[in-house]
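Some notes on the structure that comes next.
Worth saying up front: this structure is predicted, and the values here are computed from it rather than measured.
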Amino acid sequence: MLNQQHDMLNGWKIPDFHGSNFFKHDSDKLWLQDMFAGKKNFSKQCTTEVQNITFLKIHKTGSSTIQNILMRFGSRNNLKFVLPPRGHHLGYPNYFQKAYMVESSDGLYNIFCHHARFNNEVITNLMPGNTIYMTILRDPASVFESAFTYFLMGKKCNYNLPDRQALEMFLNNPMACYSQLKHATHARNPLFYDFGLETKNFEDSNTVDLSIEIIDRKFPLVMIAEYFEESVILLKDLLCWTWEDMTYFKLNSRNEESINQITDDMRKKIYDWNKADKRLYDYFNWTFWRKIDEYGHERMHDDVLRLRELNEKWKSVCLQSDQVTKKGQGNFKIFQPPGVKINNFLLKPEAERNSVCQNMVMPEPQFTEKLRIKQFPNLAHKIRPNKQHIYPQNKPKF
């Protein structure tokens with residue numbers, strides 16, 4: 001396998017990501033050669049505040065909460081975002097192209113953090129050369145259960161069963177439904193799909209392994225949702241931001257009664273069906289704990305307590321409730337899929353005029369519109385929220 005990887009490297013044919021060339025610079029090629037040679041690459045501690053960021057926002061991983069941290073920081077510091085002309089997706093599920101964004105007059109951008117299918121060549125050329133790349137992953141079994149429910153896959157498979165029974169039926173013979181789906185975006189290896197791995201390569205272990213190694217070089221931080229607080233602290237350390245920059249409330253989370261408990265047998269079947277995602281998650285779970293080892297376990301323990309204390313402080317200042325599920329009760333309208341209850345926030349009356357509290361609970365669609373109006377004031381009245389915007393066709397093959 002190693003010889004085959006070197007052959008692909010020497011011929012500079014990276015088969016796993018959309019576009020003819022995964023890396024932009026020759027130095028990236030040397031990085032990969034170093035990895036194959038067994039050299040270690042430990043991240044260096046930053047010395048100045050980072051403002052140029054690409055965050056690959058992967059579905060159903062807790063990414064909305066990380067995105068909110070980034071949007072609040074960028075808004076406070078008047079940074080420029082890569083934004084769609086309407087809505088809050090950058091052409092997803094298509095591979096990202098510049099046609100899916102509003103271009104700034106000077107062509108400069110600081111933060112890329114909205115849903116997009118990763119297109120390395122285009123994004124690397126778009127963002128500054130010193131951009132930091134990051135993302136967050138979650139156990140593939142939890143991701144798949146969440147996506148199956150949230151995106152109504154049981155209904156798309158015509159099962160006509162409650163979600164849990166529909167999921168069991170799907171897992172007993174996944175290809176029966178998968179092969180019939182018109183859009184199978186979230187139905188197999190959804191983590192790797194968002195990274196841009198072509199679906200034809202899902203079962204090619206060589207391509208999957210090479211892709212993981214390439215991602216490891218491109219992304220200095222891959223956070224893990226199961227260790228969210230530790231992830232936020234590693235993010236703070238990487239970006240050299242303040243503690244107040246990192247405070248958060250958990251956004252777009254399902255109410256407990258909408259979470260389907262899966263058995264060990266179902267979990268195993270999910271892993272078997274999503275082998276590429278399982279390899280991806282296992283590898284970056286390992287690198288995540290290496291980073292914690294480097295950070296220091298005692299230091300991490302103390303910093304987790306400090307972060308919790310800050311979050312609790314803002315909860316006491318801002319929130320009357322963080323588990324509102326009835327329509328019309330929260331401060332902001334959120335998307336509630338049929339049969340799924342998403343937790344919403346209710347601010348204290350005295351916090352409704354507090355801009356920090358408002359931004360901490362603001363859902364992605366409303367925050368994106370707020371940023372769009374601020375960044376492109378002349379665009380706001382031209383593209384109305386309900387107006388259909390026609391994107392150029394660039395559909396991935398399913």
Side-chain angles (χ1 to χ4, degrees), residues 16-17 55-66 92-93 115 117-118 134-154 156-157 163-164 166-175 177-178 181 183-216 219 221-228 230-231 252-254 258-289 340 396 398:
D16 43 315
F17 288 95
F55 172 61
L56 179 60
K57 187 176 188 289
I58 297 179
H59 291 81
K60 317 315 296 176
T61 61
S63 59
S64 293
T65 302
I66 299 294
Y92 191 89
H115 277 308
R117 192 173 186 198
F118 196 68
M134 67 193 71
T135 190
I136 184 167
L137 301 178
R138 183 183 177 196
D139 185 326
S142 300
V143 171
F144 195 80
E145 180 278 321
S146 179
F148 193 92
T149 302
Y150 190 88
F151 296 112
L152 307 176
M153 278 194 264
K156 294 174 183 177
C157 293
D163 288 327
R164 191 178 184 282
L167 178 58
E168 284 186 283
M169 179 173 284
F170 178 92
L171 293 173
N172 286 335
N173 186 8
M175 190 57 73
C177 173
Y178 182 78
L181 290 175
H183 300 292
T185 306
H186 304 286
R188 192 176 196 187
N189 295 308
L191 301 177
F192 242 134
Y193 182 92
D194 284 5
F195 265 112
L197 183 67
E198 294 185 33
T199 56
K200 67 181 181 181
N201 290 325
F202 280 172
E203 296 186 31
D204 184 340
S205 60
N206 288 349
T207 299
V208 167
D209 288 345
L210 180 57
S211 301
I212 290 171
E213 291 171 338
I214 293 171
I215 293 167
D216 195 21
F219 290 73
L221 179 60
V222 176
M223 295 170 276
I224 299 295
E226 284 76 17
Y227 308 100
F228 197 87
E230 292 87 349
S231 292
N252 201 34
S253 63
R254 284 181 297 167
S258 292
I259 299 175
N260 297 299
Q261 301 301 317
I262 58 176
T263 65
D264 290 343
D265 180 62
M266 293 169 69
R267 183 177 297 274
K268 181 181 182 301
K269 288 177 180 177
I270 291 174
Y271 289 155
D272 287 343
W273 176 242
N274 298 275
K275 284 188 176 72
D277 274 3
K278 185 67 165 60
R279 290 177 76 85
L280 179 74
Y281 176 82
D282 286 347
Y283 178 81
F284 283 107
N285 189 33
W286 173 73
T287 64
F288 180 82
W289 284 100
V340 180
F398 293 104

Return the set of residues passing ring pair (Phe, Tyr, Trp, His ring centres under 6.0 Å) with [X] (not counting sequence neighbours), or none when no residue passes.
X: F228; answer: Y248
X: F148; answer: F170
X: Y271; answer: none
X: Y92; answer: H59

By side-chain hydrogen bond (donor to acceptor under 3.5 Å, both in side chains) - contacts of [X] (at least two apart):
X: K156; value: none
X: Y227; value: none
X: N173; value: none
X: H186; value: none

Taking side chain to side chain contact (heavy atoms under 4.5 Å, CB included) as the test, write out the residues that go with [X], two or more places apart.
X: A225; result: I136, R138
X: A276; result: N189, F192, V208
X: N172; result: K269

Inset, instruction - Using the test salt bridge (charged side-chain N to carboxylate O under 4.0 Å, His left out), find all partners of E203 that sit at least two apart in sequence or belong to another chain. - result: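 Testing E203 for salt bridge (charged side-chain N to carboxylate O under 4.0 Å, His left out), a comparison that skips the adjacent residues, returns R188.
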
